[in-house]
There are 4 protein chains.
Amino acid sequence: MGSLRQRSGTSRRTRDASDQETQDARTRILDAAERLFAGGGYEATPTAEIARLARVPKGLVFHYFPKKIDVLVALIDERTLVEEAPEVEAVPGDAARSLSRLARRLPLRASPAMRRILFREADTHGSVRDRLGRLNGEIIRRARFALELALPTPRGDAARLEVAAVTFAAVLLHQENLCQLTGHHIDPDAVAELIAHALG
Amino acid sequence: MGSLRQRSGTSRRTRDASDQETQDARTRILDAAERLFAGGGYEATPTAEIARLARVPKGLVFHYFPKKIDVLVALIDERTLVEEAPEVEAVPGDAARSLSRLARRLPLRASPAMRRILFREADTHGSVRDRLGRLNGEIIRRARFALELALPTPRGDAARLEVAAVTFAAVLLHQENLCQLTGHHIDPDAVAELIAHALG
Amino acid sequence: MGSLRQRSGTSRRTRDASDQETQDARTRILDAAERLFAGGGYEATPTAEIARLARVPKGLVFHYFPKKIDVLVALIDERTLVEEAPEVEAVPGDAARSLSRLARRLPLRASPAMRRILFREADTHGSVRDRLGRLNGEIIRRARFALELALPTPRGDAARLEVAAVTFAAVLLHQENLCQLTGHHIDPDAVAELIAHALG
Amino acid sequence: MGSLRQRSGTSRRTRDASDQETQDARTRILDAAERLFAGGGYEATPTAEIARLARVPKGLVFHYFPKKIDVLVALIDERTLVEEAPEVEAVPGDAARSLSRLARRLPLRASPAMRRILFREADTHGSVRDRLGRLNGEIIRRARFALELALPTPRGDAARLEVAAVTFAAVLLHQENLCQLTGHHIDPDAVAELIAHALG
DNA sequence: TATGAATGAGTCTTCATTCAT
DNA sequence: CATGAATGAAGACTCATTCAT
């Protein structure tokens, strides 16, 4: 359950039992919800189950999150981060490797469970959908930027470059989402190479 | 609400053709469920609501579908068809146009509502997930086949061709699913052209 | 628990156990609610308690009355009747006795419990308030009418007659409502006599 | 929110007079409760809402009033005063005007909100009912006294005078309570005149 | 085959009240 | 005195499912 906001200072601790027990109730609730939402889905998870797993009384869940949906929103809000910094990861002159790097490090700071939730609950609440949209946009932006840096100027068709970026983003998100369900696998490096070749 | 299987024998019926009212209860139930599942999701749709929209008594829903999940399964089963016939749509010598044709006619016979359900409820039941997986596989197979036919022999790298097929399938499904949620748009023709160029 | 809509045919029955047991669930629910609302008030009465007293499962209450307030509304609607027929009860020439008769038979068909509810829950729902308002209006109308018939023409001040009617209505309703709480008693006959004297 | 008891000693305080903000917590709590009870009723008002409106922490409400009902009792106790002093307001020789004066100044020191609470929550707690009963009694006593003073001796029937007093009290209380709900209006002066005429 | 009343476990949510700090 | 997290019993309402007719 990788929380995004671990208080600093916790890191040096010897990771003793305090992790499990001492952590404040709100965090434990979110931890539990993260696990359960990822497993069975938002709708199928009773708040009582969240409380039980978090070892807090039922009422406390509503003390922190007046409505059930607020738990999901808080989760998306606090444990999902779409990095929008202009980090440049491009390898000049090597479009394939530039895309590969992007694939290896999606601009999404989130635990595997939170990723599952992000894709699974896109219909459940606008905030989830928004976050997903922003992720999509950011990936496209980065892919575009990486390609711009990687390709020698003057590059060819600008529109084609855009299509390449969009395509690569589609593949990455498809892999995060449906591939997990259908069992198919995609090798992003191979796709990167393909796209680079198309632009080269 | 385009039902897939109401064709055989229906034409000869002497019963009046007032499709809307006279249609048998089972069909009306599925119609209602299709609309509601697509709109609010399976979990959030009460069977009573289905019955109301279908203008049938509540008990009748359970007469035809003993468990609620059976409605969803029947929907997937009867109103979703992944065409696995070896229809060849390739344009020899023109990979881009071959892929474009594939994009224009996904091997999926299903109403827009059913498509939404297919993607949305992938987690809900194995049968949905299976169907989705089969769709994915079929698209890849067709893309591969189309490319094989379109490209001049001897083609280059077989592995690259496979990657191209997978990539194109990813884009098509991504468009069907997440693009509808995030609001992004992809032009499949442009992607087809890009991929063709990569293989050319 | 005097239901207003006793099906005809029930009357001849020998009032055996069927009264208690055979009566349909909806009626038993209303019976229970009538008793409990009159006793502890609407807000303080849980629906579960209604179900228990009615010997029906909890869910059935909501089968008939989707919202708790609907029970109260149904009660007011079905077990409270403000008689608005122009029944004349006046004794020509005897205003006092005319008013006395009115007092003896309020134009309100309702059990004592329902009367308690009517006054007690006036704040709870508009339908209750409306009914109460109509009762008030009807009493005034009748009092006015009775006085008009009773007094010899030409009567004196029409305005005074109106005030008399309003005053008498106030006394009757006050007696129905607050007197029960404060423990005071009013003799309507004496008030009737007083008013008659004022007009005489 | 006219508090009844904040008079003594408050004047000498050196604390700044910013009544609104500085006022002690207990007073603010009662102010909030007065408003909320009058608006939505005692049962429907959560203590948390009282605390919020009073801008005090939830726990403080229970510091001052260990049980929720204590807030209501304190309100009735401190912000409701039935004046039982033998103030004579009669106009000798003019019964109508004597009663009118009584109507104009009920022996009830309470804000409009408190008046609403007094009538509305008569069922909620004995203390409210008692206060209401005492108010009723006091009005009758005053009406009787006023009439005794106003009418020339020897007066006529003592019983009739009593009935007149009771009737007038009924009208006044009816006006305070049900008239506000039903929307009817009564002119106490006209009633006073009517009654005076009856006795005259 | 058709029907809607019946069932009761379960769901979200509320709230008075306590209590450690 | 003051505070707000903690508690858990209770409340309204939902809903899949059963079943007698």
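Map C:Lys58 and A:Lys58 each onto its nearest nucleotide of DNA chain F; the residue landing nearer the 5' end is A:Lys58. Along DNA chain F, the nucleotide closest to B:Lys67 and the one closest to D:Tyr64 are compared, and the more 5′ of them pairs with D:Tyr64. Both C:Leu60 and B:Pro57 lie close to DNA chain E; mapped to their nearest nucleotides by heavy-atom distance, the more 5′-ward contact belongs to B:Pro57. Of the two residues contacting DNA chain E, namely D:Ile69 and C:Gly59, the nearest-nucleotide position lying further toward the 5' end is that of C:Gly59.
Taking atom CG of residue A:Asp24 and atom P of nucleotide F:dG4, one finds them 16 Å apart after rounding to whole Å. Atoms CD (D:Glu49) and C1' (E:dT13) sit 16 Å apart, rounded to a whole Å. In this structure, the CD1 atom of D:Ile29 is 12 Å from the P atom of F:dC1, given to the nearest Å. For A:Arg52 and F:dG8, the CZ to C1' distance is 15 Å, given to the nearest whole Å. Atom pair C:Phe62:CZ and E:dT7:P shows a separation of 16 Å (rounding to whole Å applied). Residue B:Arg55 contributes atom CZ, which lies 13 Å from atom P of E:dT3 at whole-angstrom precision. At whole-Å resolution of the value, NZ in A:Lys68 and C1' in F:dC13 are 15 Å apart.
Look at F:dA20: its Watson-Crick or wobble partner, with both distances under 3.5 angstrom, is E:dT3.
In this structure, B:Arg131 contributes its side chain and B:Ile76 its backbone to a donor-acceptor pair below 3.5 Å. Of the possible polar contacts, none joining the C:Arg79 side chain to the C:Met114 backbone as a donor-acceptor pair under 3.5 Å is found. Between the side chain of B:Arg28 and the main chain of B:Arg55, a donor-acceptor pair closer than 3.5 Å is present. With hydrogens and angles disregarded, no donor-acceptor distance shorter than 3.5 Å links the side chain of D:Glu34 to the backbone of D:Ala113.
Nucleic acid contact class of D:Phe65 (heavy atoms, under 4.0 Å, all strands): none.
Among residues at least two apart or in separate chains, there is no salt bridge (charged side-chain N to carboxylate O under 4.0 Å, His left out) pair with a member in residues 62-74 of chain B.
Sorted by residue number, the members of residues 40-47 of chain A with any non-hydrogen atom under 4.0 Å from DNA chain E read A:Thr45, A:Pro46, A:Thr47.
Dashed line: the shortest gap from a side-chain N or O of C:His63 to OP1 or OP2 of E:dA5 is under 4.0 Å.
Checking C:Thr27 against C:Asp24 by side-chain atom types alone, a donor-acceptor pair falls below 3.5 Å.
When every heavy atom of A:Thr124 is checked against every heavy atom of A:Ile69, the shortest pair comes out as CG2-CD1, 4.1 Å.
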